[in-house]
Amino acid sequence: MLLTSFFILVGIVLVAAALSYYHYIYKAKSKTNTVMFLAFLRFCSVFGLLLLLWNPLISSKKYEVQKTPLPILFDNSSSVSELNATKQAQQVYQQLKDSKPLNEKFALSFLQVDSECKSLEDLNFRGKQSRLDLAGSQLNRLYRNQKFPALFISDGNQTSGNDFVYSFGTTNPVYPVALGDTLSYFDSKIDQVNVNKYAFYQNKFPVEVQLSYNGDQACTAQVQLKQGTTVVFSNQIALKPTQKSVMVTALLPANKMGSLLFQAIVRTPKTEKNTTNNTKKFVVDVLDQRRKVAIVSSLNHPDISAFKRAIEHNGQSKVTLLKPSDIDVVSDFDVWLLYQPTARFLAVFQQAKKSKTPIWVITGKQTDFTFLNQQQTDLNFKMSAQPEEYLPKYSAQFNSFALDDLGFDSFPPLQNPFGTVEAASKTATVLYSKIQGVETQQPLLVFVEGAQRAAYLIGENSWKWRLYYHTQANSFEKYDVFVDKIIQYLASTAAKKSLVVDFEHFYNAGEELSISAQYFTKNYEFDEKARLQVTVVNKKTKASKQLEMLKSTNYFKANLTGLAAGSYSFTVKELNSNAVFSGNFDVLDFEIEKQFVNSNTAKMQQLADITSGVLYYPNQINQLIDFLLKDPQYQPIQKEVIKKTPLLDWVFLLILIVVSFATEWFVRKYNGLL
């Protein structure tokens, strides 16, 4: 290869020399210095052009020192400041950052973790959540297949997410540094209150109160559930050092309609350092009746179980599984979900038309589309026997009701026979279909508004959607809400309002607080030019706050995060039409980061044990630095890097060619040779 390159280079030199000789020396009457200079310029220009046409790869060799990465993660949640450990953390940060030997041996990178994990920007300890598991997952993404140590400076108190101890893996050692007071104090607290969001009038609903106990002596505790000033439940329990957690169950009556605020309280005869974690408020919406949903299917399919779980997730709906032959019991349902209908569904469709009960049709490979075309006029299906995979494409123009984009564009495909779906009436499409990556205008999830509301999902295996969303968000919550909103829309018989407002009756202080709204024209089309304004008034202090609602895809939104605890009334007004909506909400005085009395050294020690690391404390940072410096397995590595660059990337060669041609032209012009 080198010999070939040599002959090409010699050929380029000979061609450039021959051209310059022919143009200037061969034809020249006299060989003056000017002629020889012009010949040299022509040789340089042609030689450079031919080199660029050949475009050889130029190799350059250099040596780089590759340091072992040392990620240093700081817990930036407010629980650190609540434990008066901010000064400790700042000192640890400065010691690690200013250590020259440590910087010479390792490539230091500083990260912060609270509700998210990112590069350290401002160590202010104001994070409202401790998602410590994000620290481990972030390291696994940033330093995949690398061998490195990691430092984790935290109080070990986690408020949400998966257990952080198991998120780091076991391949690389983690050296935790425990912040805060490590002494053990007597403390009883309410960890969690388990209750359904909805209950039904004149029924009883269960409440589970989970208590935890930190102490070395047995004592008694009184658990109370209060509604306002009335104690609706009270129980005396025994707390033991050998039993760190206790579950108390109560049945409370739903004897009043609307949103009911309750408070769970635990009291002990001992003095506690932190009493803010002894109470927890919760809300139950008491409804008149539960929605009844029938899933009618002649098949056994995972989709049916997924729909049932999603619809029943909040207790507001009750699902009954039926076969098409059970027509005699389906007349009392609010919504019928018809899964892959065939000719056996004839009586079901006839009953639905007669009672004008809303239907949700899900098609698939077993659907009889000829029969389906005969029973409805909303969509016209022209399907073949060839199966096809349909990917979803979210439509931001959908405005029949508020539905969030859950990242549908990355969801798995649904399976359905290949063909076309044509809308025979006015429809509203929230998901269009993509076939082999090509976007189409065919609906995948579509709604029909009329005397009998209907929805159509074109394709089976939507159970994979629910499972995929859980892998992305570690929760089914938002996907189940998505399905529940569809059922809620179908079951609603109220006329569509021009101004629709979505809000919660209760928010926790410090968490995101927002109100969203939609405004529709007389034709029930989403009005993008609407001017929505929200006014919030504190009922006690009468202080008010007024904000313009900002447009976001198919709704308007106002961010009210930062409101102090208390009761508020609000009004949303559309300024052009003067349409008004009024409501109330409460901001509960609950901050989860204030629930801890000391650092969780047990969890930090467990993390060190699992990853083969060592637990350190803020006064042992110098020892930690010395240990890392003396560890022989993390030495800088010198690597030889050979870089091959195409000659076309050499800008200076192009400049040299341009200068050579320009100089030749000016010399010829000056000497009258043009």
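Because only heavy atoms are used, hydrogens play no part in the values below, and waters and symmetry mates are left out as well, while side chains stay in. We count residues from 1, following the sequence as given.
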Shortest non-hydrogen contact from [X] to [Y]?
X: Ser317; Y: Glu312; value: O-CG, 3.6 Å
X: Ser115; Y: Arg131; value: O-CG, 4.1 Å
X: Trp465; Y: Pro392; value: CZ2-CG, 3.9 Å
X: Ala517; Y: Val501; value: CB-CG2, 4.1 Å
X: Pro341; Y: Phe349; value: CB-CE1, 3.8 Å
X: Phe307; Y: Ser462; value: CZ-OG, 3.4 Å

Q.
Working to the nearest 0.5 angstrom, can you tell me the gap between Asn559 CG and Leu550 CG?
A. 9.0 Å
**Q.** From Ile515 atom CD1 to Phe556 atom CZ, the distance as rounded to the nearest 0.5 Å
**A.**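 Taking CD1 in Ile515 and CZ in Phe556, the distance rounds to 15.0 Å.
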Which residues pass the ring-ring contact (aromatic ring centres under 6.0 Å, His included) test with [X], not counting sequence neighbours?
X: Phe164; result: Phe152
X: Phe282; result: Phe262
X: Phe570; result: Phe503, Phe585

Q.
Can you tell me how the ring of Phe398 sits relative to the ring of Phe447, calling it parallel under 30°, perpendicular over 60° and tilted otherwise?
A. tilted
Q) Using the ring of each side chain (for Trp, its six-membered ring), is Tyr468 parallel, tilted or perpendicular to Phe411, with breaks at 30° and 60°? A) perpendicular
Whether over 12 other heavy atoms sit under 6.0 Å from [X] [atom1]:
X: Lys292; atom1: NZ; answer: no
X: Lys485; atom1: NZ; answer: yes
X: Lys256; atom1: NZ; answer: no

Q: With side-chain contact (heavy atoms from CB on, under 4.5 Å) as the test, would you mind laying out the steps for Leu444 and Tyr432 before giving the verdict?
A: CA-CA 5 Å; Leu444 194 67; Tyr432 287 97; 5.9 Å; no
(Q) Please report whether the ring centroid of Tyr339 lies less than 6.0 Å from that of His301. (A)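 Yes.
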Q. Is a salt bridge present between Lys393 and Asp409, judged by a nitrogen-to-oxygen distance below 4.0 Å?
A. yes
Q: Answer yes when Asp368 and Arg344 have at least one side-chain N-carboxylate O distance shorter than 4.0 Å, and no when they do not.
A: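 Not counted as a salt bridge, because no side-chain N and carboxylate O are separated by less than 4.0 Å.
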Would you say the side chains of [X] and [Y] form a donor-acceptor pair under 3.5 Å?
X: Ser137; Y: Ser167; value: no
X: Asn157; Y: Ser130; value: no
X: Ser567; Y: Asp586; value: yes

Q.
Let's go through Asp484 and Arg291 carefully: what are the C-alpha distance in whole Å and the side-chain angles of both, what is the deciding distance for side-chain contact (heavy atoms from CB on, under 4.5 Å) to 0.1 Å, and is it a yes or a no?
A. CA-CA 11 Å; Asp484 183 66; Arg291 286 193 299 263; 3.0 Å; yes
Q: Could you pull out all residues at least two apart from Asp480 that satisfy salt bridge (Lys or Arg N to Asp or Glu O under 4.0 Å)?
A: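 So Asp480 forms a salt bridge (Lys or Arg N to Asp or Glu O under 4.0 Å) with Arg466.
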Taking distance alone, no hydrogens or angles, what donor-acceptor pairs closer than 3.5 Å link side-chain atoms of residues 358-367 to residues at least two apart or in another chain?
unit_1 : atom_1 : unit_2 : atom_2 : d
Thr363 : OG1    : Asn416 : OD1    : 3.0
Thr363 : OG1    : Gly459 : N      : 3.2
Lys365 : NZ     : Gln415 : OE1    : 3.1
Thr367 : OG1    : Gly364 : N      : 2.8
Thr367 : OG1    : Gly364 : O      : 3.3

Q.
Tell me every residue that passes side-chain contact (heavy atoms from CB on, under 4.5 Å) with Asp285, counting only those two or more places apart in sequence or in another chain.
A. Lys197, Tyr198, Ser259, Val283, His505
Q.
Quick one, Ile610 and Phe168 - any side-chain contact, counting heavy atoms below 4.5 Å?
A.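 In short, these two side chains do not touch, never coming nearer than 4.5 Å.
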Q | Identified side-chain contact (heavy atoms from CB on, under 4.5 Å) counterpart of Leu338 within the set Ile295, Val348, Leu372 | A |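 The side-chain contact (heavy atoms from CB on, under 4.5 Å) with Leu338 is passed solely by Val348 among Ile295, Val348, Leu372.
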